[in-house]
Amino acid sequence: MQLALGTPYTRVGASDGYLASLAAFSERWGVMPGYKGYLLESGCSYGRNRNRIVARAMAAGAEWLLQIDDDIRFPVDLPERMIQGRHDARVILGVVPIEPRTPVNVFLHPEGLAEQPALPVKGKGDELRAIKGFGGAVMLVHLSVYDEMADAMGGGCWYNHEAIERDGALLELEPDLSFARRLMALGITAWARYGLPLTHSKPHEYRFIPQ
(Lines give C-alpha, C1' and ligand atoms only; values in the text may rest on other atoms or scores of the structure.)
Protein backbone atom coordinates (compact mmCIF):
# COMPACT_ATOMS: atom_id res chain seq x y z
CA MET A 1 0.00 0.00 0.00
CA GLN A 2 1.62 3.25 -1.17
CA LEU A 3 0.41 5.43 1.69
CA ALA A 4 0.98 8.97 2.96
CA LEU A 5 -0.36 10.25 6.27
CA GLY A 6 -1.35 13.90 6.53
CA THR A 7 -2.66 16.25 9.19
CA PRO A 8 -4.10 19.74 8.47
CA TYR A 9 -2.88 21.36 11.67
CA THR A 10 -4.79 24.47 12.75
CA ARG A 11 -5.10 24.00 16.51
CA VAL A 12 -3.10 25.35 19.42
CA GLY A 13 -1.73 21.89 20.16
CA ALA A 14 -2.28 18.29 19.18
CA SER A 15 -4.00 16.00 21.68
CA ASP A 16 -1.98 13.48 23.67
CA GLY A 17 -3.97 10.66 22.09
CA TYR A 18 -3.11 11.85 18.60
CA LEU A 19 0.60 12.18 19.41
CA ALA A 20 0.74 8.69 20.94
CA SER A 21 -1.07 7.25 17.94
CA LEU A 22 1.22 9.07 15.51
CA ALA A 23 4.33 7.69 17.25
CA ALA A 24 3.02 4.11 17.10
CA PHE A 25 1.87 4.54 13.51
CA SER A 26 5.23 5.94 12.40
CA GLU A 27 7.12 3.13 14.15
CA ARG A 28 5.15 0.50 12.26
CA TRP A 29 4.70 2.15 8.86
CA GLY A 30 8.07 3.91 8.76
CA VAL A 31 9.90 0.67 7.94
CA MET A 32 7.52 -0.26 5.11
CA PRO A 33 8.81 0.46 1.60
CA GLY A 34 5.41 1.75 0.47
CA TYR A 35 5.15 4.40 3.19
CA LYS A 36 5.53 7.87 1.68
CA GLY A 37 5.84 9.78 4.91
CA TYR A 38 4.05 12.11 7.29
CA LEU A 39 2.76 15.35 5.79
CA LEU A 40 1.99 18.16 8.23
CA GLU A 41 0.62 21.49 7.04
CA SER A 42 -0.19 24.30 9.46
CA GLY A 43 -1.94 27.61 9.01
CA CYS A 44 -5.23 29.36 9.69
CA SER A 45 -6.93 28.01 6.54
CA TYR A 46 -8.06 24.43 7.02
CA GLY A 47 -8.89 23.98 3.33
CA ARG A 48 -5.53 25.35 2.20
CA ASN A 49 -3.76 22.96 4.56
CA ARG A 50 -5.65 20.03 3.07
CA ASN A 51 -4.86 21.17 -0.48
CA ARG A 52 -1.15 21.40 0.30
CA ILE A 53 -1.16 17.93 1.82
CA VAL A 54 -2.80 16.49 -1.30
CA ALA A 55 -0.24 18.17 -3.57
CA ARG A 56 2.65 16.85 -1.46
CA ALA A 57 1.20 13.31 -1.45
CA MET A 58 0.97 13.43 -5.24
CA ALA A 59 4.57 14.62 -5.51
CA ALA A 60 5.69 11.80 -3.21
CA GLY A 61 4.08 9.17 -5.43
CA ALA A 62 1.51 8.01 -2.89
CA GLU A 63 -1.40 5.84 -3.96
CA TRP A 64 -3.51 6.54 -0.87
CA LEU A 65 -3.72 9.57 1.40
CA LEU A 66 -4.96 9.18 4.96
CA GLN A 67 -5.80 12.53 6.58
CA ILE A 68 -6.39 12.57 10.32
CA ASP A 69 -7.19 15.56 12.50
CA ASP A 70 -4.82 16.30 15.37
CA ASP A 71 -7.42 15.51 18.06
CA ILE A 72 -8.03 11.86 17.08
CA ARG A 73 -6.62 8.75 18.74
CA PHE A 74 -6.34 5.99 16.11
CA PRO A 75 -4.95 2.45 15.70
CA VAL A 76 -1.79 1.62 13.75
CA ASP A 77 -3.68 -0.66 11.34
CA LEU A 78 -6.30 1.97 10.51
CA PRO A 79 -5.71 2.03 6.70
CA GLU A 80 -6.21 -1.75 6.38
CA ARG A 81 -9.32 -1.63 8.54
CA MET A 82 -10.83 1.16 6.49
CA ILE A 83 -10.57 -0.63 3.14
CA GLN A 84 -11.25 -4.13 4.44
CA GLY A 85 -13.80 -5.98 2.33
CA ARG A 86 -14.41 -3.08 -0.07
CA HIS A 87 -11.34 -2.65 -2.24
CA ASP A 88 -13.29 -0.83 -4.96
CA ALA A 89 -14.02 2.06 -2.56
CA ARG A 90 -11.86 5.12 -3.16
CA VAL A 91 -13.17 7.51 -0.48
CA ILE A 92 -13.70 6.13 3.02
CA LEU A 93 -14.49 8.09 6.18
CA GLY A 94 -13.92 6.76 9.64
CA VAL A 95 -17.05 7.31 11.73
CA VAL A 96 -15.98 9.56 14.60
CA PRO A 97 -18.02 10.52 17.69
CA ILE A 98 -18.33 14.32 17.77
CA GLU A 99 -20.58 15.53 20.58
CA PRO A 100 -24.17 14.97 21.74
CA ARG A 101 -25.57 17.74 19.52
CA THR A 102 -23.85 16.42 16.38
CA PRO A 103 -23.37 12.72 17.14
CA VAL A 104 -21.19 11.67 14.19
CA ASN A 105 -19.19 13.19 11.34
CA VAL A 106 -21.06 11.49 8.47
CA PHE A 107 -24.59 12.14 7.25
CA LEU A 108 -26.91 11.88 4.28
CA HIS A 109 -27.59 15.49 3.40
CA PRO A 110 -24.66 17.20 1.63
CA GLU A 111 -25.37 20.80 2.63
CA GLY A 112 -25.03 21.03 6.38
CA LEU A 113 -25.10 19.14 9.64
CA ALA A 114 -28.38 20.79 10.61
CA GLU A 115 -29.98 19.32 7.51
CA GLN A 116 -29.91 15.69 8.58
CA PRO A 117 -31.27 12.80 8.22
CA ALA A 118 -28.10 11.65 9.86
CA LEU A 119 -26.67 8.19 9.72
CA PRO A 120 -27.07 6.14 12.88
CA VAL A 121 -24.55 6.82 15.60
CA LYS A 122 -23.48 3.19 15.35
CA GLY A 123 -23.52 0.63 12.59
CA LYS A 124 -23.36 -3.11 12.75
CA GLY A 125 -19.81 -4.24 13.39
CA ASP A 126 -17.45 -2.82 10.81
CA GLU A 127 -20.03 -2.20 8.09
CA LEU A 128 -19.66 0.36 5.30
CA ARG A 129 -22.46 2.75 4.39
CA ALA A 130 -22.68 5.12 1.44
CA ILE A 131 -22.82 8.77 2.54
CA LYS A 132 -23.25 12.18 0.94
CA GLY A 133 -21.87 14.73 3.41
CA PHE A 134 -19.08 14.47 5.95
CA GLY A 135 -16.52 16.12 8.12
CA GLY A 136 -13.20 14.56 7.22
CA ALA A 137 -11.70 13.99 10.67
CA VAL A 138 -10.51 10.55 9.48
CA MET A 139 -10.47 10.30 5.70
CA LEU A 140 -8.76 7.81 3.38
CA VAL A 141 -8.77 8.81 -0.30
CA HIS A 142 -7.21 7.16 -3.34
CA LEU A 143 -5.09 9.71 -5.21
CA SER A 144 -6.90 8.95 -8.48
CA VAL A 145 -9.91 10.79 -7.00
CA TYR A 146 -7.88 13.99 -6.67
CA ASP A 147 -6.55 13.56 -10.22
CA GLU A 148 -10.08 13.23 -11.62
CA MET A 149 -11.30 16.20 -9.63
CA ALA A 150 -8.39 18.38 -10.76
CA ASP A 151 -9.06 17.46 -14.39
CA ALA A 152 -12.74 18.30 -14.01
CA MET A 153 -12.07 21.64 -12.28
CA GLY A 154 -9.06 22.64 -14.33
CA GLY A 155 -6.85 22.94 -11.27
CA GLY A 156 -5.74 21.52 -7.96
CA CYS A 157 -7.97 23.15 -5.35
CA TRP A 158 -9.90 20.26 -3.84
CA TYR A 159 -10.99 21.75 -0.51
CA ASN A 160 -12.28 25.29 -0.12
CA HIS A 161 -15.07 27.28 1.46
CA GLU A 162 -18.05 27.49 -0.85
CA ALA A 163 -21.27 29.50 -0.75
CA ILE A 164 -24.41 28.14 -2.42
CA GLU A 165 -27.83 29.72 -2.73
CA ARG A 166 -30.63 28.00 -0.88
CA ASP A 167 -34.13 29.33 -0.17
CA GLY A 168 -33.09 32.82 -1.18
CA ALA A 169 -30.09 32.92 1.15
CA LEU A 170 -26.43 32.00 0.92
CA LEU A 171 -25.36 28.85 2.72
CA GLU A 172 -21.66 28.56 3.54
CA LEU A 173 -20.10 25.14 3.21
CA GLU A 174 -16.95 24.09 5.00
CA PRO A 175 -14.10 22.67 2.86
CA ASP A 176 -14.97 19.04 3.59
CA LEU A 177 -18.60 19.57 2.59
CA SER A 178 -17.49 21.32 -0.58
CA PHE A 179 -15.26 18.33 -1.36
CA ALA A 180 -18.20 15.99 -0.74
CA ARG A 181 -20.35 17.91 -3.22
CA ARG A 182 -17.62 17.65 -5.86
CA LEU A 183 -17.45 13.90 -5.32
CA MET A 184 -21.18 13.64 -5.98
CA ALA A 185 -20.84 15.74 -9.14
CA LEU A 186 -18.22 13.28 -10.41
CA GLY A 187 -20.33 10.26 -9.47
CA ILE A 188 -17.82 9.07 -6.86
CA THR A 189 -19.33 7.40 -3.80
CA ALA A 190 -18.01 8.20 -0.34
CA TRP A 191 -18.31 5.48 2.29
CA ALA A 192 -18.51 5.55 6.08
CA ARG A 193 -16.68 2.81 7.99
CA TYR A 194 -18.22 1.91 11.33
CA GLY A 195 -16.59 -0.05 14.12
CA LEU A 196 -13.20 1.67 14.20
CA PRO A 197 -11.59 2.33 17.61
CA LEU A 198 -11.38 6.11 17.26
CA THR A 199 -11.41 8.63 20.11
CA HIS A 200 -12.14 12.32 19.57
CA SER A 201 -10.64 14.77 22.05
CA LYS A 202 -12.48 18.04 22.54
CA PRO A 203 -12.97 19.69 25.94
CA HIS A 204 -14.16 16.16 26.75
CA GLU A 205 -13.20 12.89 25.09
CA TYR A 206 -15.91 11.23 23.00
CA ARG A 207 -15.79 7.57 22.15
CA PHE A 208 -18.21 4.79 21.32
CA ILE A 209 -19.03 2.56 24.29
CA PRO A 210 -19.32 -1.17 23.45
CA GLN A 211 -22.80 -2.54 24.04
Side-chain angles (χ1 to χ4, degrees), residues 1-9 14-15 17-42 46-96 105-106 125-131 134-152 156-159 175-176 179-180 182-183 186 188-200:
M1 190 178 192
Q2 306 290 317
L3 175 76
L5 173 66
T7 293
Y9 185 86
S15 70
Y18 169 84
L19 293 174
S21 298
L22 178 62
F25 188 94
S26 299
E27 182 178 1
R28 181 198 176 198
W29 285 84
V31 298
M32 295 184 180
Y35 185 53
K36 299 301 182 180
Y38 173 58
L39 310 176
L40 175 67
E41 286 290 342
S42 63
Y46 191 75
R48 184 181 298 121
N49 294 343
R50 283 210 187 280
N51 289 330
R52 289 173 174 169
I53 288 170
V54 173
R56 289 176 60 189
M58 287 180 166
E63 178 185 13
W64 290 92
L65 173 59
L66 175 61
Q67 294 195 66
I68 301 180
D69 285 0
D70 60 5
D71 55 3
I72 302 292
R73 183 189 294 273
F74 58 96
V76 295
D77 60 347
L78 181 61
E80 298 101 325
R81 290 193 186 199
M82 292 182 77
I83 65 173
Q84 182 179 4
R86 193 65 195 241
H87 295 283
D88 59 330
R90 295 193 292 160
V91 180
I92 307 170
L93 282 295
V95 179
V96 175
N105 62 317
V106 294
D126 60 352
E127 72 174 307
L128 276 175
R129 290 193 180 207
I131 56 176
F134 51 80
V138 177
M139 177 168 51
L140 180 65
V141 180
H142 195 276
L143 269 292
S144 63
V145 170
Y146 295 118
D147 285 331
E148 290 179 29
M149 196 172 288
D151 289 342
C157 183
W158 302 275
Y159 301 90
D176 292 343
F179 178 68
R182 290 171 176 171
L183 290 176
L186 291 173
I188 299 173
T189 300
W191 299 88
R193 169 69 78 183
Y194 283 90
L196 298 171
L198 301 169
T199 299
H200 192 197

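Quick caveat, the model's predicted, so the values are computed rather than measured.
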* Asked: Would you call Lys36 and Glu63 a salt bridge, using N to O less than 4.0 angstrom?
  -> no
* To do: Supply the atom-to-atom distance Arg56 CZ to Tyr38 OH, rounded to the nearest 0.5 angstrom.
  => 9.5 Å
* Do NZ/NE/NH1/NH2 and the carboxylate oxygens of Arg90 and Glu148 come within less than 4.0 Å? -> yes
* From Met139 CE over to Leu93 CG, what is the distance, rounded to the nearest 0.5 angstrom? -> 6.5 Å
* Are more than 12 heavy atoms from other residues, nucleotides or ligands located less than 6.0 Å from atom CZ of Arg48? -> no
* Would you name the heavy atoms of Leu183 and Ala190 that are closest together and state the gap between them? => CD1-CB, 4.2 Å
* Structure fact -> So CG of Leu140 and CE of Met82: to nearest 0.5 Å the spacing works out to 5.0 Å
* Indicate yes or no for a side-chain donor-acceptor contact from Ser21 to the backbone of Arg73 under 3.5 Å, with no hydrogens or angles considered. => no
* Phe25 versus Pro79: any side-chain heavy-atom pair under 4.5 Å? -> yes
* Would you confirm whether Arg50, through its side chain, and Gly136, through its main-chain N or O, come within 3.5 Å as a donor-acceptor pair? => yes
* Asked: What is the distance from atom CZ of Arg52 to atom CG of Leu39, rounded to the nearest 0.5 Å?
  -> 13.0 Å
* Would you please test Trp158 and Phe179 for ring-ring contact (aromatic ring centres under 6.0 Å, His included) and show each step? => CA-CA 6 Å; Trp158 302 275; Phe179 178 68; 8.8 Å; no
* Pro8 versus Ile53: any side-chain heavy-atom pair under 4.5 Å? -> yes
* Would you say the side-chain atoms of Thr7 pair up with the backbone N or O of Ile68, donor to acceptor, closer than 3.5 Å? -> yes
* Measure from the side-chain N and O atoms of Trp29 to the backbone N and O of Val76, and report whether any donor-acceptor pair falls under 3.5 Å. => yes
* Quick one: does Tyr194's side chain get under 4.5 Å of Leu128's, heavy atoms only? -> no
* Asked: Quick one: does Gln67's side chain get under 4.5 Å of Val141's, heavy atoms only?
  -> no
* Could you tell me if the ring centre of Tyr9 sits under 6.0 Å from that of Tyr18? => no
* Looking at Ala62 and Ala4, what are the two nearest heavy atoms and their distance? -> CB-CB, 4.0 Å
* Asked: What pair of heavy atoms forms the shortest contact from Phe134 to Ala180, and how long is it?
  -> CE2-CB, 3.5 Å
* Structure fact -> To the nearest 0.5 Å, atom CG of Asp70 lies from atom CG of Leu19 at 8.5 Å
* Asked: Distance from Ile92 atom CD1 to Leu66 atom CG, nearest 0.5 Å?
  -> 10.0 Å
* To do: Please step through side chain to side chain contact (heavy atoms under 4.5 Å, CB included) for the pair Val95 and Val138, ending with a clear verdict.
  => CA-CA 8 Å; Val95 179; Val138 177; over 6 Å; no
* Asked: Do Thr189 and Val91 touch side chain to side chain, with heavy atoms closer than 4.5 Å?
  -> no
* Any Trp64 side-chain heavy atom under 4.5 Å of Met1 side chain -> yes
* Between Arg193 and Glu80, is there a side-chain N and carboxylate O pair less than 4.0 Å apart? -> no
* Asked: What closest approach, in Å, do Gly94 and Leu196 show between heavy atoms, and which atom pair accounts for it?
  -> CA-CD1, 3.8 Å
* To do: Check Phe74 against Ile72 and note the closest heavy-atom contact, atom names and distance.
  => CD2-O, 3.5 Å
* Short side-chain donor-acceptor distance under 3.5 Å, Tyr46 and Asn51 -> no
* Heavy-atom pair of closest approach, residues Leu65 and Gly6 -> CD1-N, 4.1 Å
* Are Met149 and Ile188 close enough, and set up right, to give a side chain to side chain contact (heavy atoms under 4.5 Å, CB included), and what steps lead you there? -> CA-CA 10 Å; Met149 196 172 288; Ile188 299 173; 5.7 Å; no
* Walk me through it: do Tyr159 and Val54 pass the test side chain to side chain contact (heavy atoms under 4.5 Å, CB included)? => CA-CA 10 Å; Tyr159 301 90; Val54 173; 4.0 Å; yes
